[in-house]
Participant: 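Take a look at this one; I'll ask things after.
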There are 2 protein chains.
Amino acid sequence: MRFKACEVEHKLSKEEFARREPALRVDLVNSQFDLLSAKHPVSLLIAGDDREGCEEVIDLLHEWLDARQMDTEVYLPRTKPERQYPFLWRYWNNAPRRGHVTLYYGHWIFDLIVERFLGQLSERELRLRTAEVCELERALAADGCVIRKIWIHTPRKELKRRLQRVKDHRYGWIAAEQDRTIHEHYRELVRIGEELVGKTDALHAPWTVVDGRDPEHRNLVLMETVRDALVAGPCTRLARQKPRKRTRVRSRLTGIHQRSAMKDGEYEERLARAQAHVADLSYRASEEGLATVLVFEGWDAAGKGGTIRRLTRPMAARDYRVVQIAAPSEEERARHYLWRFWRRIPRKGNVTIFDRSWYGRVLVERVEGLASEAEWRRAYDEIRAFEAQLVADGVLLRKFWLEIDADEQLARFQAREGTLFKRYKITEEDYRNRDQRPAYEKAADEMISRTHTRHAPWMVVPANEKRRARVMVLEAVCQSLERALDG
Amino acid sequence: MRFKACEVEHKLSKEEFARREPALRVDLVNSQFDLLSAKHPVSLLIAGDDREGCEEVIDLLHEWLDARQMDTEVYLPRTKPERQYPFLWRYWNNAPRRGHVTLYYGHWIFDLIVERFLGQLSERELRLRTAEVCELERALAADGCVIRKIWIHTPRKELKRRLQRVKDHRYGWIAAEQDRTIHEHYRELVRIGEELVGKTDALHAPWTVVDGRDPEHRNLVLMETVRDALVAGPCTRLARQKPRKRTRVRSRLTGIHQRSAMKDGEYEERLARAQAHVADLSYRASEEGLATVLVFEGWDAAGKGGTIRRLTRPMAARDYRVVQIAAPSEEERARHYLWRFWRRIPRKGNVTIFDRSWYGRVLVERVEGLASEAEWRRAYDEIRAFEAQLVADGVLLRKFWLEIDADEQLARFQAREGTLFKRYKITEEDYRNRDQRPAYEKAADEMISRTHTRHAPWMVVPANEKRRARVMVLEAVCQSLERALDG
């Protein structure tokens with residue numbers, strides 16, 4: 001995409017703009033109001049080689065739109081602490097909110113341009129990141145988000161004229177270093193910008209490149225694009241699309257049981273050895289800046305909590321965090337379902353352990369009908385992409401399914417009810433879920449088949465024998481940590 | 001407070017502990033369950049000179065309590081980006097949640113000990129920070145939070161024995177640098193710890209110092225303290241307490257009106273000059289790391305939005321953020337009312353503009369009965385403390401009350417309804433609020449009298465004449481910025 005293509009003599013008189021303004025503003029505020037009941041998010045990305053134009057346009061949007069349903073996120077180049085997290089983390093952190101218009105200034109595109117320009121990203125890394133951005137926008141759009149991206153382009157000659165006029169200008173800071181840098185390296189910056197805009201232009205997230213020389217023309221194009229975004233409605237094509245990859249579901253991945261008990265001495269010895277190993281390795285991971293994500297899924301009462309506690313005991317409290325996943329809160333429901341997990345992704349050197357996870361989308365949400373079929377079917381692709389993004393950024397990711405059979409589960413429920421201080425763990429809901437076992441089995445089998453990848457493998461742990469399961473998990477964690485640290 | 005006082009020969013046999021465990025655990029889970037319906041927060045602070053003990057105790061709490069209603073916050077020494085914010089910011093950010101138990105490891109006390117030990121804090125600064133911590137705990141307790149703080153103390157001799165045993169210990173990292181540092185500087189660290197524990201020991205937030213040598217004894221004391229916290233219930237004495245300071249309410253601080261219009265030329269000229277000045281000064285503030293908080297309150301349709309837009313236009317988009325305050329969300333209601341404002345406090349170099357603010361507590365929440373009388377009466381003290389904390393950390397804080405009379409307000413409502421794209425700004429609620437004008441006037445007068453302080457003054461802006469009001473605000477902001485930057 002060549003920005004030059006938009007450089008034709010656009011002129012719109014102030015009078016003509018003033019004439020069109022009232023109708024346009026009525027349309028805008030009305031459709032913004034309708035958005036509240038439509039309950040999907042709208043995301044507007046503002047970027048460009050014309051910094052002054054971008055800021056003027058953001059001011060205008062603040063003036064014209066209803067601020068109560070609008071959020072603005074300004075992105076400065078990533079700071080050092082922000083670089084401790086995977087690339088998409090800070091964009092997911094401010095994921096758009098349903099019913100609101102979110103205005104992103106700069107966002108991922110300024111980061112990529114700046115980092116590529118400074119040589120912090122190789123061509124290959126830039127390609128990888130661009131693909132991740134496409135996946136991000138695709139996931140948001142499939143979830144109902146309307147995305148529009150605006151690039152304000154002004155020819156170098158005009159920027160030069162502005163710099164020269166600067167002394168007479170009432171805002172001294174317009175001469176900021178940033179403007180000079182853009183002017184000085186204009187060709188290179190525009191070349192990277194053109195490449196990125198071209199590669200991220202999609203039907204569900206289109207770019208509009210607008211000539212920034214004439215403010216009235218620019219503002220009119222902008223506001224028409226925004227109105228269009230407010231009226232458009234979600235991209236149904238993406239929402240309905242079938243998963244890209246169809247893995248054959250290998251039957252009975254769950255249902256592996258093993259009853260042989262461990263000898264007393266063996267358990268204590270192997271557990272102690274594994275814990276000592278976890279202590280060493282997690283200390284090394286913390287020192288060497290390895291981020292680790294461990295996911296625990298499995299039947300109720302399969303022993304997730306007990307296993308996690310034995311795993312974290314030898315870790316330093318400051319290095320790990322256990323996240324319990326239950327029903328989402330109001331704020332969480334107002335955003336893409338992956339938002340609440342992205343927020344908890346560890347920084348380098350830390351460990352996050354998910355006790356239940358994003359797999360709820362294809363388990364409980366599927367079985368209980370909390371997600372539509374299109375939604376949970378789409379989730380396999382989304383989850384694979386999400387996990388690949390983490391791994392691409394150096395995160396170690398392992399997933400454990402703790403498998404117990406129906407009889408063992410019942411026995412544990414009854415044992416819990418018999419122990420006064422464990423009774424609270426059992427509710428009627430657990431029994432209801434038990435009745436749904438065949439549906440959950442089908443969902444779990446499909447989940448494991450479709451999301452078992454080389455970089456993010458599942459380990460199905462036969463857990464009828466609690467103690468053996470714990471040792472297996474701890475030893476597997478050690479093996480993975482060791483490989484990641486040595487390799 | 002001398003930690004030595006707890007060093008008596010405590011011995012509890014493993015058998016005795018095992019005998020008491022079941023009853024204690026039943027009590028704990030039952031009272032944790034009751035907490036969900038009681039809906040107040042419980043905050044447990046774990047600290048000590050015995051790092052190993054602290055971590056063991058946290059593991060045990062994770063094992064015994066129901067993880068679904070428990071949050072754990074581990075505090076490492078403040079990083080450089082965290083130092084960009086006022087001191088209390090990161091503690092407020094993780095303020096405890098109603099119905100939950102929040103476990104704080106280290107929290108403010110490790111920060112203060114470390115920073116004082118490293119000489120980053122003078123005696124005076126330490127005193128100031130300690131006072132701020134007391135205010136924090138007081139505010140949380142008055143809001144219903146039950147606070148318990150546990151210091152695990154182990155004599156230096158025992159720590160030395162542990163360090164010597166380290167080679168045989170199964171967790172190699174126990175020899176971590178941290179432990180050696182504690183051992184090496186034991187006397188100095190304990191001295192600072194004792195001072196802080198002594199100064200922050202309060203009826204509504206008591207410390208328990210426990211001997212860490214015998215794990216069974218330690219665990220029993222800990223769990224009894226936690227049970228006590230779960231059963232105790234909020235501190236009603238604080239909740240009902242009268243405000244400390246009683247300012248005389250100067251009548252009619254609101255109601256100042258001025259109708260003389262500005263001449264056309266004068267408005268444009270003064271506005272342009274003030275905006276140019278704002279541009280320069282906000283650029284300097286950004287360069288020099290001055291954080292600014294501007295609060296706008298006033299009648300509906302008083303012109304807050306228009307004034308704010310004219311103020312932000314000359315600022316760089318990356319330097320400021322406008323925060324619209326409406327009814328709190330579910331997550332916000334689950335915490336102290338100041339939580340959502342603390343989260344938005346700017347870091348050094350940035351500006352946050354609040355379009356409505358924490359003053360809602362003593363305005364709309366008072367008038368509409370959303371806060372009890374004790375709550376809004378207490379808020380004057382809390383708000384004064386909050387603002388003093390910001391200012392003590394170098395934040396520039398100015399507050400504007402935009403004052404229009406009832407007739408002018410009605411005229412503006414009608415004008416808005418007559419402009420198609422401004423109609424959305426007027427709802428029935430605005431008319432309802434109008435009927436309550438006398439009650440709001442009383443609340444506003446009292447608010448201004450009680451919270452007009454030298455470091456955080458109110459400016460009452462006669463705003464019947466919109467243009468004069470805008471110029472007044474912009475000029476006042478410039479004056480404050482100038483003083484802060486030059487002084």
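Quick caveat, the model's predicted, so the values are computed rather than measured. Quick note: numbers below take in every heavy atom, side chains included, and nothing from hydrogens, waters or symmetry partners.
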Participant: Is B:Gln69 close to chain A through its backbone or its side chain, or both, or neither, when contacts mean heavy atoms under 4.5 Å?
Facilitator: neither
Participant: Tell me, side chain or backbone of A:Arg309 under 4.5 Å from chain B's heavy atoms, or both, or neither?
Facilitator: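 Looking at A:Arg309, just its side chain touches chain B.
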Participant: Nearest 0.5 angstrom please: B:His62 NE2 to A:Ile308 CD1, how far?
Facilitator: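 Answer for the NE2-CD1 pair, B:His62 versus A:Ile308, is 11.0 Å.
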Participant: Pick from A:Ile58, A:Leu24, A:Val26, A:Asp27: which one has the most heavy-atom pairs with chain B under 4.5 Å?
Facilitator: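 Option with the greatest count: A:Val26.
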Participant: Within this structure, what is the OH-CZ distance for the pair B:Tyr75 and A:Arg318, rounded to the nearest 0.5 Å?
Facilitator: 16.0 Å
Participant: Quick check on A:Leu60 against chain B: is it the side chain, the backbone, both or neither that has a heavy atom closer than 4.5 Å?
Facilitator: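 For A:Leu60, no heavy atom lies under 4.5 Å from chain B.
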Participant: Quick one: what part of B:Phe33 sits under 4.5 Å from any heavy atom of chain A, side chain, backbone, both or neither?
Facilitator: neither
Participant: Given heavy-atom pairs under 4.5 angstrom as the criterion, report whether the side chain, backbone, both or neither of B:Leu65 touches chain A.
Facilitator: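 The backbone, not the side chain.
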Participant: Which of residues 320-329 of chain B get closer than 4.5 angstrom to chain A, counting heavy atoms alone?
Facilitator: B:Tyr320, B:Arg321, B:Gln324, B:Ser329
Participant: Does any backbone or side-chain atom of B:Pro22 lie under 4.5 Å from a heavy atom of chain A? Answer side chain, backbone, both or neither.
Facilitator: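 For B:Pro22, the contact with chain A is made by backbone and side chain together.
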Participant: Working to the nearest 0.5 Å, report the span between CZ of B:Arg333 and CD of A:Glu330.
Facilitator: 6.0 Å
Participant: Would you call B:Arg313 and A:Glu63 a side-chain contact if the rule is heavy atoms closer than 4.5 Å?
Facilitator: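 B:Arg313 reaches A:Glu63 side chain to side chain.
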Participant: Hey, what do you get for CD (B:Glu331) to CD (A:Glu332), rounding to the nearest 0.5 Å?
Facilitator: 6.0 Å
Participant: Could you grab the distance from atom CZ of A:Arg310 to atom CG of B:Asp59, nearest 0.5 Å is fine?
Facilitator: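 Spacing of CZ (A:Arg310) from CG (B:Asp59) equals 11.0 Å.
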